[in-house]
Number of protein chains: 2
Amino acid sequence: MLELRLVQGSLMKKVMESIKDLVNDANFDCSATGFSLQAMDSSHVALVALLLRSEGFEHYRCDRNISMGMNLNNMSKMLKCAGNDDIITIKADDGSDTVTFMFESPTQDKISDFEMKLMDIDSEHLGIPEAEYHAIVRMPSAEFARICKDLSSIGDTVVISVTKEGVKFSTRGDIGTANIVCRQNTTVDKPEEATIIEMNEPVSLTFALRYMNSFTKATPLSSMVTISLSSELPVVVEYKIAEMGYIRFYLAPKIEEDEDETRP
Amino acid sequence: MLELRLVQGSLMKKVMESIKDLVNDANFDCSATGFSLQAMDSSHVALVALLLRSEGFEHYRCDRNISMGMNLNNMSKMLKCAGNDDIITIKADDGSDTVTFMFESPTQDKISDFEMKLMDIDSEHLGIPEAEYHAIVRMPSAEFARICKDLSSIGDTVVISVTKEGVKFSTRGDIGTANIVCRQNTTVDKPEEATIIEMNEPVSLTFALRYMNSFTKATPLSSMVTISLSSELPVVVEYKIAEMGYIRFYLAPKIEEDEDETRP
DNA sequence: ACCCACAACT
DNA sequence: AGTTGTGGGT
């Protein structure tokens, strides 16, 4: 028996909106620890890891670990039927092949329940090792989203370079080039606008903007984003979910090509 | 000679927006009683009945009963040219095959007139008998609209079931099922949020959501909607138009199919 | 009710 | 990538 009650239902709605464009089907794993998901995007390039800790729920009952395969598009359709102020409860009976989403309006005058078929999805659950990163950039999530969007109108990839002065986002395309530099600034009075760089050694890596732009769908979940970079490691783009956990996106860097790609 | 002057012109605009998606051409009937319309939707499944009583107009002159056939899309185009605060006057000369819409801006600084060709439309005017209904649900129109919209993302039809506890809207589709229950609640201090159920006997009927969603286009006309249900009778979805009359939509229930539709 | 932003479609 | 339509916020 599984029963998770989340008073701030809009949070679950936002989580779905963050993931559904990247991943079609995924297993949600429930244990005493919390509600989590790990999945590759449909083209097997990026990886999403979500964690909502049990302590963040108003009620969390999970008798035994279960893995529920869901079509995220369908799940998203149902969650869209919840009001932003609704309380959301996710229920599943043991051995059932369905999951139920229950929405309670704040006044309790409207109670909705939506039942969805679960699916069998085989997914290898990758252990993601904790790693030391060469550089960790923490900046306003809206600013990062704006940068990725802006750069993608010029080029397809972004080079993220971190020095101790700041972080530089660069691209190059048919119509020209673009460089956006964000200086470290720890505005003490406005922590929501700070850009903080922890750097052990300079790093410069190239990523596909298409994926970065998908990741920024999570922007409504947190005002800050953390970007962790190491050469030879996938970048981690993390949005903390207040009081509950995080959503993390992993993306392998592109191997830097020679300047002149046509050279033999 | 016909001359109807309506200071609250936005009301006529809203009326057109409510009907034009459902009905292409219709006769507007004018008599001493008022300005009315009765028409089947283009696929002859639903029926719209509109009444704007003469007393609701600031000036109402209708020398003899006339019926004016109009293309509602074209009429709507013209009415869209009226400002929301404009005074709208509808004029037609005896024997003329045109109708004129005149719009006066609140300051009287701008006077527009639009003339439109009338058309010959043969329509049988159905007498709609007053009926006793098994159940009458009165609820906030915005809530009803939201429910119809939400359910249509899951299924094509809605089962509306009324018991004395409340009214339940259910659907079923490929991705799952949905049930939304609204409890009766007569919040005395907020009559605009009340849900009131008058029930003589329980009733459960099935309707096409496509039509329900068309009906909810009338939501801007009234904060409340009334849904009258009887088995074997068309449902009536009514929006009162303040001080003037109403717009009513009729829709026959779907005959409940056997559980197993493939049975011989 | 109007304006802005995000999402889907071309 | 641009445009149009829809949904949410002020």
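Naming: A, B, ... by sequence-line order, numbering from 1 per chain.
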Atom pair distance, as rounded to whole Å: CG in A/D85 and P in D/dG9
9 Å
Assess the side chains of B/D21 and B/S214: does a donor N or O sit below 3.5 Å from an acceptor N or O?
no
Protein-nucleotide distance (B/K149, atom NZ; D/dT6, atom P), rounded to Å:
12 Å
Output the rounded distance in Å from NZ (A/K13) to P (D/dG8).
7 Å
When A/M244 is tested against each of A/L50, A/L51, A/L6, A/L221 for side-chain contact (heavy atoms from CB on, under 4.5 Å), which residue passes?
A/L6
Derivation and outcome, side-chain hydrogen bond (donor to acceptor under 3.5 Å, both in side chains), residues B/S43 and B/Y211:
CA-CA 11 Å; B/S43 45; B/Y211 291 100; 2.7 Å; yes
Which whole-number value in Å describes the distance from A/R146 CZ to C/dA5 P?
10 Å
Interatomic distance, A/D150 CG vs C/dA5 C1' [rounded to whole Å]:
15 Å
Atom CG of B/N213 and atom P of D/dG7: how far apart are they, to the nearest Å?
10 Å
Quick one: label A/S152 by what it contacts on the DNA or RNA (base, sugar-phosphate, nothing), any heavy atom closer than 4.0 Å.
sugar-phosphate
Counting only heavy atoms not in B/E243, do more than 12 fall under 6.0 Å of its CD?
no
NA contact type, A/K80, heavy-atom cut-off 4.0 Å: base, sugar-phosphate, or nothing?
nothing
Quick one: B/E17 CD to C/dA1 P, roughly how many Å, whole number?
12 Å
What is the separation between atom CG on A/D86 and atom P on D/dG8, rounded to the nearest whole Å?
13 Å
Would you indicate which nucleotide in D/dG7, C/dA7, C/dC2 comes nearest to any side-chain atom of A/K217?
C/dA7
Nearest-neighbour nucleotide for the B/N84 side chain, C/dA1, D/dG7, C/dA8 considered:
C/dA1
